[in-house]
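Everything numeric here is computed off the predicted structure, so don't read it as measured data.
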Amino acid sequence: MFYETADNRHGLAHDPFKAIVAPRPIGWIGTKGRDGSLNLSPYSFFNAVSDRPKIVMFSSSGRKDTLRNATETGVFSVNYVSADLVAAMNASSIAVPYGTDEFALAGLTPVMGRLVDAPFVGEAYAVLECRVTEIHTLKTVDGTDSDSHAVFGQVVAIHIDERVIRDGRFDVALARPVTRLGYMDYAEVQPVFELQRPKPPIGGDQP
């Protein structure tokens with residue numbers, strides 16, 4: 001099959017785009033409002049985009065509370081979604097009025113960051129403390145603004161639960177990350193396997 005996205009006439013029961021671009025890590029973002037309220041929401045458009053410096057990005061469809069808080073305070077946390085926290089992550093995705101504490105709704109422990117004034121999930125196996133570096137309203141091919149807004153943040157501190165460190169590594173098999181697929185589908189990353197890069201030929205360039 002083939003279809004153009006301008007009219008999106010794919011003929012299927014549901015749009016397949018997000019199912020094709022999958023799996024995606026879940027950006028479980030913690031923020032604090034200027035009024036002191038705590039916010040926690042999962043974002044399926046999220047990823048690491050740089051290692052030097054360490055930069056992550058999440059995209060908000062519409063001007064949601066997380067975007068408001070990150071814009072006003074310049075900081076946020078990213079919380080690791082493991083298999084044992086899926087129900088809590090899902091509970092925190094509920095649409096509620098601004099100022100509602102999703103940590104409380106999901107039965108989670110809010111802990112304030114050491115370097116940034118943003119809350120994180122005390123039960124998470126790993127947490128990234130981030131400072132906002134850029135916020136962009138995404139544009140279409142004709143240059144008009146969309147209603148999607150990409151927030152980039154530099155990771156300034158990392159928390160890791162020592163229970164998921166084995167042989168000097170953050171052990172993904174122990175941490176059991178959950179990813180977002182299309183529709184209402186999720187997946188656990190199992191089994192985990194290693195794959196070494198091919199060695200370049202003698203005299204060849206290292207990629």
Side chain to side chain, [X] and [Y], heavy atoms closer than 4.5 Å:
{"X": "V121", "Y": "W28", "answer": "yes"}
{"X": "M57", "Y": "F45", "answer": "no"}
{"X": "V56", "Y": "L128", "answer": "yes"}
{"X": "L174", "Y": "R166", "answer": "yes"}
{"X": "V155", "Y": "E129", "answer": "no"}
{"X": "H136", "Y": "H149", "answer": "no"}
{"X": "P177", "Y": "V189", "answer": "yes"}
{"X": "L12", "Y": "Y3", "answer": "no"}

Legend entry - Salt bridge K139-D145, side-chain N to carboxylate O under 4.0 Å: yes

Inset, instruction - Considering only NZ, NE, NH1 and NH2 on the basic side and carboxylate oxygens on the acidic side, decide whether D161 and R163 come within less than 4.0 Å. - result: yes

Could you tell me whether [X] atom [atom1] has more than 12 heavy atoms of other residues or ligands within 6.0 Å of it?
{"X": "I94", "atom1": "CD1", "value": "no"}
{"X": "Q190", "atom1": "CD", "value": "yes"}
{"X": "Y98", "atom1": "OH", "value": "yes"}
{"X": "D167", "atom1": "CG", "value": "no"}

Which distance, rounded to the nearest 0.5 Å, do you find between the [atom1] of [X] and the [atom2] of [Y]?
{"X": "I135", "Y": "S59", "atom1": "CD1", "atom2": "OG", "value": "11.5 Å"}
{"X": "S148", "Y": "L67", "atom1": "OG", "atom2": "CG", "value": "10.5 Å"}
{"X": "S60", "Y": "I29", "atom1": "OG", "atom2": "CD1", "value": "10.5 Å"}
{"X": "N90", "Y": "M184", "atom1": "CG", "atom2": "CE", "value": "9.0 Å"}
{"X": "I55", "Y": "R131", "atom1": "CD1", "atom2": "CZ", "value": "12.5 Å"}
{"X": "N69", "Y": "L38", "atom1": "CG", "atom2": "CG", "value": "9.5 Å"}

Legend entry - ring pair (Phe, Tyr, Trp, His ring centres under 6.0 Å) between F76 and F58, intermediate numbers included: CA-CA 11 Å; F76 61 91; F58 70 92; 5.3 Å; yes

Legend entry - Lys NZ or Arg CZ of R24 over F46 ring: under 6.0 Å, within 45°: no

Given the rule that I, L, V, M, F, W and Y join up when any side-chain heavy atoms are under 4.5 Å apart, are [X] and [Y] in one cluster?
{"X": "V192", "Y": "I165", "value": "yes"}
{"X": "V49", "Y": "V156", "value": "no"}
{"X": "V75", "Y": "V151", "value": "no"}

When you check the side-chain N and O atoms of [X] and [Y], is any donor under 3.5 Å from an acceptor?
{"X": "Y186", "Y": "T179", "answer": "no"}
{"X": "N39", "Y": "S37", "answer": "no"}
{"X": "D171", "Y": "Y125", "answer": "no"}

[X] versus [Y], closest heavy-atom pair with distance:
{"X": "A106", "Y": "A88", "value": "CB-O, 3.5 Å"}
{"X": "I26", "Y": "P42", "value": "CG2-CB, 3.9 Å"}
{"X": "S50", "Y": "P53", "value": "OG-O, 2.6 Å"}
{"X": "A124", "Y": "N79", "value": "CB-CB, 4.3 Å"}
{"X": "V178", "Y": "S82", "value": "CG2-C, 3.9 Å"}
{"X": "S41", "Y": "Y43", "value": "O-CD1, 3.5 Å"}

Is a donor on one side and an acceptor on the other found under 3.5 Å between the side chain of [X] and the backbone of [Y]?
{"X": "R197", "Y": "P200", "value": "no"}
{"X": "T5", "Y": "N8", "value": "no"}
{"X": "E102", "Y": "L40", "value": "yes"}

Sequence neighbours excluded and cut-off under 3.5 Å, please list the side-chain donor-acceptor pairs for residues 107-119, or say none.
unit_1: T109; atom_1: OG1; unit_2: E123; atom_2: OE2; d: 2.6
unit_1: D117; atom_1: OD1; unit_2: K32; atom_2: NZ; d: 3.3

Legend entry - Pairing residues for F170 by the ring pair (Phe, Tyr, Trp, His ring centres under 6.0 Å) criterion, not counting sequence neighbours: Y80

Inset, instruction - Determine, stepwise, if the pair L105 / V96 fulfils side chain to side chain contact (heavy atoms under 4.5 Å, CB included). - result: CA-CA 10 Å; L105 288 178; V96 289; 4.1 Å; yes

